[in-house]
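Here the structure is laid out as structure tokens; the discussion comes afterwards.
Residues take their numbers from the sequence shown, with the count starting at 1. This is a predicted model, so every value here is computed, not measured.
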Amino acid sequence: MSNSIVSKRSYGVDVASYQSTSVNYTGAKFALVKLTQGTDYLNPKATAQIKSAKANGLLVGGYFYANHSNSVSRARSEAKYAVAKAKALGIPEGSYIADDFEQGSGNSVNGGVQANTDAIMAAMQVIKDAGYQPLVYSGSFVLRNHISIARIEKTFGTCLWVASYKVSGRQDYADFNYFPSMDGVAIWQFTDNYRGLNVDGNISLIDLKISSHNHAPKEKKKTVESLSQHPVVKWNIGAVAVVANSQGAYVYTSSKLNKRESSKLKPCGSVWQVFGFENGAVKVGKNQYFDGRAVYVKGNPIAYNDSKHAVAKIVLPHTHALDAPKADAGKVYGLALNSKVEIQGRVGRFLKIKELHKGKQVYVTGNRAYIVL
């Protein structure tokens, strides 16, 4: 049976008619299946792809390729058509459905920012009203230059599915040094050739989950174990690997994974700093590697962009919000041990607390508040 929750920093794929009907890709935890295009095309493989994704335990959602350009009426019609097919094909209410808004194949992004946004929001509202969670997909350039993402986020929250590739060609892992930094990103499509399998590769930036309040009352709710373990790390640690295999995972002495460091398994849930990726293996120390299939990688947004939003956990007692990002700053108010605080970027090793105090910016020292991944 398919999952109803997938943790952030999990990998996934999106498929269309030119992919196989078998949706079973190494490391993938979720799949977004093309449903429709316009109001007269249905992906002929959608039924089989959705069934296969569910059978392989993936969280399943869908998308429709927009032909509506900046027309509100066409956007509503296309969204209604997509939603009807989603229900008929067995995508449960509460799942994600995206408006795929790109240039070409019957769609134009050049109709003006506000008009484009009006049309996209009309489609997203139809999706939401039908009991699904709306997303909007496009490339980072289109999102920044042809759509008002601020308007969309204000109404629909974190709902962007952004495409931006480090290189053209195979990528096995998302390199967050190349993340297209913008607010509101739920999913990042980082390659069009995930692991050399000729399928788009994505990584979730939030916990993806089917909204249970949208389920029909008669539907039985299943308890699904979440992979999300949310380790906390120092602000300058770029990424960690969390052992996801329930039996644990071996550490190998080379990226070829041909010799184990020891016969003892590292336990499920243990956390390791990531130093790189080689041959599909995750490097966690000098001559120490995990098989990439046994762990999942969580990136630290603050480490690669000092303006990003994050949540920090207070890890030392007697911690205070400070009135300046410096060692001799004045103490403004206390922060309780193990409490969490929203931050919006950092200055050096000082984290900027998002909520202003009496209209002024306050900070917390980075060695006293670790980032929650």
Query raised in the report: Just by distance, do the side chain of Lys45 and the backbone of Ser17 share a donor-acceptor pair under 3.5 Å?
Result: yes
Query raised in the report: Are any side-chain N or O atoms of Tyr11 and backbone N or O atoms of Ala174, one a donor and one an acceptor, separated by less than 3.5 Å?
Result: yes
Query raised in the report: Could you give the distance from CD1 (Ile314) to OG (Ser339), rounded to the nearest 0.5 Å?
Result: 5.0 Å
Query raised in the report: Applying salt bridge (Lys or Arg N to Asp or Glu O under 4.0 Å), which residue pairs with at least one partner in residues 323-340 are found, sequence neighbours left out?
Result: none
Query - Check: Tyr289 ring centre within less than 6.0 Å of Tyr252 ring centre - result: no
Query - Presence of salt bridge, Lys166 and Asp175, under 4.0 angstrom - result: yes
Query - Within residues 261-288 or reaching into it, pairs that qualify as salt bridge (Lys or Arg N to Asp or Glu O under 4.0 Å) - sequence neighbours excluded - result: none
Query raised in the report: How about Phe64 and Tyr137: are their ring centroids closer than 6.0 Å?
Result: no
Query raised in the report: Should the pair Asp172-Arg170 be classified as a salt bridge under the 4.0 Å nitrogen-to-oxygen rule?
Result: yes
Report task. Using a strict cut-off of less than 4.0 Å between a Lys/Arg side-chain nitrogen and an Asp/Glu carboxylate oxygen, indicate whether Arg151 and Asp118 qualify as a salt bridge. Result -> yes
Query raised in the report: Could Asp207 and Lys209 be called an ion pair, given the rule that one side-chain N must be under 4.0 Å from one carboxylate O?
Result: no
Query raised in the report: Quick one: which of Gln37, Lys85, Gln49, Lys34 gives a side-chain hydrogen bond (donor to acceptor under 3.5 Å, both in side chains) with Asn43?
Result: Gln49
